[in-house]
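Taking it in order: structure first as structure tokens, then the write-up.
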2 protein chains.
Amino acid sequence: MALPEFKIAQLRHFVWVAELKGFHTAAEKACRTQPAISLSIRDLENKLSTVLFEKRNAKTSNTELTPFGQYFLPKAKELIAHHDNVAQDMALMSEHKTGHLRLASVPSIACRMLPELLSKFIADVPELHISFYDDNSEAVLRKVEKQQVDIGIASLPHEHEHADITFTPIWEDQLGVVCREDHPFAEVTELHWKELRKQRLIRNGTSRLLEDTEAEPLLSDSQFLISNMLSLIAMLEEGLGITTLPWFAFPKNNSKLRFIPLTTPKIVRHIGIVQLRNKSLSPAAEALASFILKNTNQDKTKDVESE
Amino acid sequence: MALPEFKIAQLRHFVWVAELKGFHTAAEKACRTQPAISLSIRDLENKLSTVLFEKRNAKTSNTELTPFGQYFLPKAKELIAHHDNVAQDMALMSEHKTGHLRLASVPSIACRMLPELLSKFIADVPELHISFYDDNSEAVLRKVEKQQVDIGIASLPHEHEHADITFTPIWEDQLGVVCREDHPFAEVTELHWKELRKQRLIRNGTSRLLEDTEAEPLLSDSQFLISNMLSLIAMLEEGLGITTLPWFAFPKNNSKLRFIPLTTPKIVRHIGIVQLRNKSLSPAAEALASFILKNTNQDKTKDVESE
DNA sequence: ATCTATTGATAAGGATTCCTTATGGCACTA
DNA sequence: TAGTGCCATAAGGAATCCTTATCAATAGAT
């Protein structure tokens, strides 16, 4: 005979009848009528081709298990417990309350936007584990492609258009000039690239944003390249020169430095969420993506213009 | 939301689709049509409120799991395995191929009938564990009452009628006289109790069967009481005297001794299966009981008369 | 490019299962 | 001997499952 296939509800009914010693109380607990429980138990007995409960001709009016039923009871309970564990686990998982979320982001967003976003996001999901990596855009994209990360935050260079990657733009990050507060530029509100030619310009990791723009000549003018951001800031504070930075990379609350938008050319990099095309996100990643989307839509451009 | 309740078949479908990488092959394996599998999976996805399989716009035409599905797969497999373990175990149990059977019997049946019966019974149930006890009828009954034993083989004294015990008679065991082959009785085919009065009668554990019969005076005539059966036989072989024994207690294949039925009074003890009333037997015990019944019905009386 | 074969999704109907209300039978109680 | 509490049974409706038939999309072949 083929192995029977138990239904979880059926097993629950059995356990309840056994433990509450009665069909009526079990029916109550199961939110069913008593005949439903009767049929359920009978079906189970047929599957096992054995009787589970003694016939009630005993003096005690309680329904009692047969030896076979006693043998079955603990196993049924274990099976139910196992099922419920899995069900609960999967429910938590699909409500992204648990699981593992791997995230990579470019440093500027990581410093400026993510701290607040992530702390809000994880506020009500204490069981969710998050692995975070920060790196430049290409590295972030690479991690996404290699599935080392579930979701990435980066800008999308043109050479990546071909890849199996979906890009959802979120932030617009405008390039500007950074100088010390006592620099003549500190007082102006916008700058033309040609105004920079007389200045001592320090290149940095973000300088290649100037490539393919009319301001490209600045790159060859430049004498310095400082790729480490902390060193760069220190040099700028020292008055060694000026540099160009995207707004998000400009350190927040820095009192010694000023950020002046570059208006000609206006260079904007679009930063957004990067994920593998044709691959669904885990519920947690999905939740984070929509959370970011929801919590940034309204101030997408304001962030750039304000302050 | 209440926890979802998975169906085992549904989980199987999921695992098959995942492992065979396709709905059609899974449907084949499940002996269902492809739409059935589609619906089954969709139902599961609704329960989990998540998608399990990537949409098939990928270049590879194989259906692939989502990360969530990958996380679910091993758990689903474990749950199915657990279920099947229990189902298999219970199936074996209900076919009495496994489990534990505790049996007590009076020694005569234990020696004369059970060896053959049990060896036949266990021939095709190698996983069944049997615990066997032999003792006199009262002790057997006590073990049954105390549920130290699932089933007993004994005769039912009158003082036990009241108890919660069911008795199914199987064998009729006739009392007879045992003497050495060179004794004058050895040649006769039946005896009257009065013929024993001139003999040296040895009492034994079974002698109380004579109580409440017209042959009761024999008990007070008797000079010896030997309760150990082996010693008793040795004494008889030595020609020390004669005794009364039920036929089943008379050692099989003993060439020195003879058994002569006592015809007046004809004393018969009924031996049968003893079990607790209102308590079902385990499948193994049930099987043994009906096995014994089936394999002894036809020669119930023949055993007593023959040889 | 068109055709074909294969894949999964969808719709509609029938079959099955599940659960309900109503009722029956049995044992214990008063 | 009627009453009460328990489970079993019967019959009908509701929900579920599974089928056939069809669609839509893709990949490979001609």
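Every heavy atom of this structure was used, including side-chain atoms; hydrogens, water molecules and symmetry mates were not. Labels below follow one simple rule: chain letters A, B, ... track the order of the sequence lines, proteins then strands, and each chain is numbered from 1.
Sorted by first and then second residue, the pairs that involve residues 268-291 of chain B and meet ring pair (Phe, Tyr, Trp, His ring centres under 6.0 Å), not counting sequence neighbours, are B:Phe121-B:Phe291.
B:Gln10 places its CD atom 10 Å from the P atom of D:dC18, with the value rounded to the nearest Å. Rounded to whole Å, atom P of C:dG8 lies 13 Å from atom CG of B:Leu65. In this structure, CD of A:Glu64 is placed 16 Å from C1' of C:dA27, rounded to the nearest angstrom. Here C:dT17 presents its P atom at 18 Å from CD1 of A:Ile41, a figure rounded to the nearest Å. As rounded to whole Å, 17 Å separates atom P of D:dA15 from atom CG of B:Asn46. Note: CG (B:Leu20) to P (C:dT6) measures 18 Å, nearest angstrom. If you measure from atom CZ of B:Phe23 to atom P of D:dC18, you get 15 Å, rounded to the nearest angstrom. Atom P of nucleotide C:dT16 and atom CG of A:Asp43 are separated by 15 Å, given to the nearest angstrom.
Dashed line: the shortest gap from a side-chain N or O of A:His24 to OP1 or OP2 of D:dG5 is not under 4.0 Å. OP1 or OP2 of C:dT20 lies within a sub-4.0 Å distance of a side-chain N or O belonging to A:Thr33.
For A:Phe72 and A:Phe6, the distance between ring centers is under 6.0 angstrom.
Remark: A:Glu5 engages B:Arg12 in a salt bridge (Lys or Arg N to Asp or Glu O under 4.0 Å) (not counting sequence neighbours). Contacts of B:Glu19 classified as salt bridge (Lys or Arg N to Asp or Glu O under 4.0 Å), with partners at least two apart in sequence or in another chain: B:Lys77. Here A:Asp135 pairs with nothing under the salt bridge (Lys or Arg N to Asp or Glu O under 4.0 Å) rule; sequence neighbours left out. Partners of A:Thr98 under the side chain to side chain contact (heavy atoms under 4.5 Å, CB included) rule, at least two apart in sequence or in another chain, are A:Asp89, A:Leu92, A:Met93, A:Glu127.
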Write out a two-atom table: protein N or O, nucleotide N or O from nucleotides 10-13 of chain C, distance below 3.5 Å.
| from | atom 1 | to | atom 2 | distance (Å) |
| --- | --- | --- | --- | --- |
| C:dT10 | OP2 | B:Arg42 | NH1 | 3.2 |
| C:dT10 | OP2 | B:Arg42 | NH2 | 2.1 |

